[in-house]
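Each remark here refers to the structure printed beneath this line.
Worth saying up front: this structure is predicted, and the values here are computed from it rather than measured.
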Amino acid sequence: MMTMTRLRMAFVVMMCWAWCLAGTAQVKMAAQGTATQLSVGGKPMLLLGGELSNSAATSVDDIDEVMPRMKALGLNTVLVPVCWDLLEPVEGQFDFTLTDRTIDQARQCGLKVVLLWFGAWKNSMSCYAPLWFKEDTKRFPRSMTRTGKPLEIASAFSANVLQADKRAFLQLMRHLAEKDGQENTVLMVQVENEIGMLEDARDHSAVADKLFAGAVPGELIAFLQRNKKQLHPWLSERLGDGKQVAKGNTWQQVFGSDLFADEIFMAYHYARYVEQLASEARAIYDLPLYVNAAMNSRGRKPGEYPSAGPLAHLIDIWHCGAPSIDLLAPDLYDTGFKGWVAQYKLHNNPLFIPECRLNDEAAAKALYVYGEYDAIGFCPFSIDKTEKAYTDQLSKAYDLLHQLEPVLLKHQGQGHTYGLLFDKEDQRRVVNDGDVVLTCSHTCTLGWDGRYRNADQWPTTGGIVVRLSEKEYLIAGTGIVVAFAKDTEAAQQQQRQLGEDGFAEKGNSDKADEARFKGKRIGIGFVDEVKVDANGKFSYVRRDNGDQDHQGRHARIDMDCWRILHVKLYEY
């Protein structure tokens with residue numbers, strides 16, 4: 001029998017082991033080919049998410065009501081704000097009631113959570129700081145415009161601001177380690193929200209002006225010199241031959257004297273601020289961390305948009321200043337979706353979309369980013385407040401993605417997954433996949449749907465194509481058509497204009513047929529609608545033949561349908 005002393009020693013060892021385990025998250029970023037995946041306990045996952053509206057988790061009743069609804073919509077992850085003013089209503093006194101309720105409800109509903117730290121800044125402003133912080137502007141100073149106007153934006157150059165914000169954030173991370181270190185309900189934490197200066201490109205307080213007049217920090221100079229061949233094209237062009245990137249040179253000597261030089265200066269100092277939160281947080285509880293960005297859209301200048309946030313053209317400045325941040329993420333509400341996401345899927349930045357507009361295009365966009373850019377996650381904003389027609393579409397897309405998850409995770413980063421996103425202005429995409437050419441189109445290009453024959457706009461449609469093996473594909477989505485040809489065959493073909501019956505219009509002959517055909521052709525062996533189980537195995541639903549595959553001419557998923565097709569090709 002153990003002596004009392006030995007029992008005490010065993011208890012101490014056990015408690016120390018439990019404490020260490022609590023502080024070691026099993027959530028990691030892991031590379032697979034050209035992709036980066038989020039893994040939990042060694043198992044990768046796709047974040048099929050949605051972000052709650054800002055006030056949706058500000059009471060226990062709110063949380064109890066909203067979390068089951070999110071599960072019913074088909075989400076597996078919910079993005080939930082943690083508001084500094086509610087976490088620390090009295091300076092030095094912390095209340096984790098709402099955070100704990102969020103985690104408990106998520107576990108009960110079988111959901112994961114990403115927490116959003118609304119600390120010193122939210123949408124640039126300091127609106128979520130506690131009242132004791134807001135009222136004491138002497139201790140917690142504000143940013144200033146060049147005309148001396150104080151802003152409702154806490155100064156990133158104030159040690160007091162940093163220490164107050166960091167103290168609360170680190171208390172949150174300590175609490176997460178204790179509350180969730182073994183179950184890993186919380187997958188990531190967003191540090192601040194849409195950091196950026198408004199009304200001016202940078203802070204013009206006395207402290208900021210003094211730093212701007214001084215030398216660029218040596219670590220940034222060294223970073224630019226070390227990475228000069230890999231810098232973002234915008235920054236590389238701005239630096240020119242790079243001779244001015246030298247120790248001891250001022251910000252204006254290195255970057256110029258316009259608003260964009262001001263923005264670079266501010267971006268570096270915002271990033272350094274974030275790094276001081278992030279590096280200490282990870283020493284406490286090593287969860288993945290990210291920072292989100294409001295876009296520099298519509299031709300606006302720094303300060304007209306939130307200047308100096310983690311924007312694509314500033315990505316190198318942020319990587320230098322905040323190396324403890326795993327990814328920089330775009331919040332997408334403007335047009336030009338394809339162009340925006342292309343800017344954020346970089347060799348040094350995986351794509352995660354923590355916010356986007358939830359409308360009739362969102363479901364197709366979700367399919368596109370997972371197929372085209374190996375996205376970690378997609379999370380439309382204010383999902384708890386959006387009309388049912390849009391959430392219903394998203395649920396259908398998420399149902400497909402949930403089924404496709406084991407297939408996508410297996411093939412991510414290998415160069416054999418493709419995203420489709422179509423409307424009337426962007427109708428078609430040609431994919432060259434080895435010796436197979438896939439012509440992917442909006443279903444309205446067939447001309448069979450009388451509703452849209454003369455319409456000014458077509459519904460946004462989209463999908464995913466995955467090459468499973470040679471001459472074998474999986475196609476999922478809505479409103480898409482995929483035709484197949486051998487590369488030599490495609491080179492001899494011209495696109496025919498088809499009539500309503502699917503045959504060529506009168507007089508629309510293909511003159512390429514006059515030349516003798518060379519080589520082989522691709523045919524469709526079968527097109528089967530399938531379901532996919534958690535192990536990536538297919539179960540047969542029905543065969544698409546005859547009219548459904550246009551007598552072997554294509555694979556098709558009509559608009560308003562959400563399906564997965566298994567296609568096997570052959571040569572003849």
Are the aromatic ring centres of Y290 and F352 under 6.0 angstrom apart?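 So the answer is yes for these two rings.
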So, for W318 and Y270, is the gap between ring centers shorter than 6.0 Å?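 Distance test on ring centres: not under 6.0 Å, no.
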[atom1]/[X] to [atom2]/[Y] distance, rounded to the nearest 0.5 angstrom?
X: E372; Y: Y368; atom1: CD; atom2: OH; result: 4.5 Å
X: C379; Y: D331; atom1: SG; atom2: CG; result: 10.0 Å
X: L351; Y: D374; atom1: CG; atom2: CG; result: 9.0 Å
X: Q171; Y: F94; atom1: CD; atom2: CZ; result: 4.5 Å
X: D286; Y: M173; atom1: CG; atom2: CE; result: 8.5 Å
X: L79; Y: E355; atom1: CG; atom2: CD; result: 8.0 Å

For residues [X] and [Y], determine if any side-chain heavy atom of one lies less than 4.5 Å from a side-chain heavy atom of the other.
X: K385; Y: L52; value: no
X: L421; Y: V369; value: no
X: V254; Y: L239; value: yes
X: L277; Y: L170; value: no
X: R139; Y: F133; value: no
X: Y128; Y: N54; value: yes
X: L314; Y: L328; value: no
X: L438; Y: V430; value: no

Within the distance-only criterion (no hydrogens, no angle test), does the side chain of [X] pair as donor or acceptor with the backbone N or O of [Y] below 3.5 angstrom?
X: R357; Y: Y333; value: yes
X: Q412; Y: Q32; value: no
X: Q244; Y: F255; value: no
X: T145; Y: K149; value: yes
X: R467; Y: L474; value: no
X: E88; Y: G92; value: yes
X: D258; Y: A261; value: yes
X: T58; Y: S55; value: yes
X: S126; Y: A129; value: no
X: R202; Y: F265; value: no

Would you tell me whether [X] and [Y] have side-chain atoms, one donor and one acceptor, within less than 3.5 Å of each other?
X: Y305; Y: E263; answer: yes
X: H313; Y: Q343; answer: no
X: Y273; Y: E192; answer: no
X: D423; Y: T460; answer: no
X: S324; Y: E275; answer: yes
X: K112; Y: N184; answer: no
X: D203; Y: S205; answer: yes
X: D165; Y: W117; answer: yes

Return the minimal non-hydrogen interatomic distance between [X] and [Y], and the atom names on each side.
X: D433; Y: Y418; result: OD1-OH, 2.6 Å
X: P81; Y: S53; result: CG-O, 4.4 Å
X: W121; Y: A154; result: NE1-O, 3.0 Å
X: L404; Y: I464; result: CD1-CD1, 4.2 Å
X: F140; Y: N160; result: CE2-O, 3.5 Å
X: A120; Y: V161; result: CB-CG1, 4.5 Å

Quick test of your reading of the model: are [X] and [Y] salt-bridged, counting only N-O distances below 4.0 Å?
X: K228; Y: D241; answer: no
X: D209; Y: R146; answer: no
X: K166; Y: E280; answer: yes
X: D200; Y: K301; answer: no

When you look at M295 and E194, which way does the side-chain contact (heavy atoms from CB on, under 4.5 Å) test go after all the steps? CA-CA 9 Å; M295 294 296 94; E194 293 188 358; over 6 Å; no
For P350, side chain to side chain contact (heavy atoms under 4.5 Å, CB included) partners two or more places apart: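 Side chain to side chain contact (heavy atoms under 4.5 Å, CB included) list for P350, sorted by chain: T36, L327, I376.
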Please evaluate residues Y370 and E405 with respect to the criterion side-chain hydrogen bond (donor to acceptor under 3.5 Å, both in side chains), reporting the C-alpha separation (whole Å), side-chain torsions for both, the decisive distance (0.1 Å), and the verdict. CA-CA 10 Å; Y370 289 108; E405 185 173 21; over 6 Å; no
Please evaluate residues I153 and R142 with respect to the criterion side-chain contact (heavy atoms from CB on, under 4.5 Å), reporting the C-alpha separation (whole Å), side-chain torsions for both, the decisive distance (0.1 Å), and the verdict. CA-CA 6 Å; I153 300 174; R142 308 295 177 83; over 6 Å; no
Quick check on H319: does its NE2 atom have over 12 non-hydrogen neighbours (other residues, nucleotides or ligands) under 6.0 Å away?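 Buried by this count: over 12 neighbours within 6.0 Å.
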Considering residues, nucleotides and ligands other than K338, do more than 12 of their heavy atoms fall under 6.0 Å from its NZ?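 Atom NZ in K338 is crowded, with more than 12 foreign heavy atoms closer than 6.0 Å.
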What class does the angle between the rings of H269 and F157 fall in, given that below 30° is parallel, 30 to 60° is tilted and above 60° is perpendicular?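 Rings of H269 and F157: tilted, 30 to 60°.
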Is there a side-chain contact (heavy atoms from CB on, under 4.5 Å) between V216 and Q253 once you walk through the steps? CA-CA 9 Å; V216 177; Q253 288 172 327; over 6 Å; no
For S279 and R282, what are the C-alpha separation, side-chain angles and deciding distance, and is it a side-chain hydrogen bond (donor to acceptor under 3.5 Å, both in side chains)? CA-CA 5 Å; S279 60; R282 301 195 82 147; over 6 Å; no
Please, which pairs that meet ring pair (Phe, Tyr, Trp, His ring centres under 6.0 Å) have at least one residue in residues 27-53, sequence neighbours excluded?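 Listed by first then second residue: nothing to list.
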Apply the test side-chain contact (heavy atoms from CB on, under 4.5 Å) to residues V465 and L420: give CA-CA distance (whole Å), side-chain angles for both, the deciding distance (0.1 Å), then the verdict. CA-CA 8 Å; V465 178; L420 308 179; 4.0 Å; yes
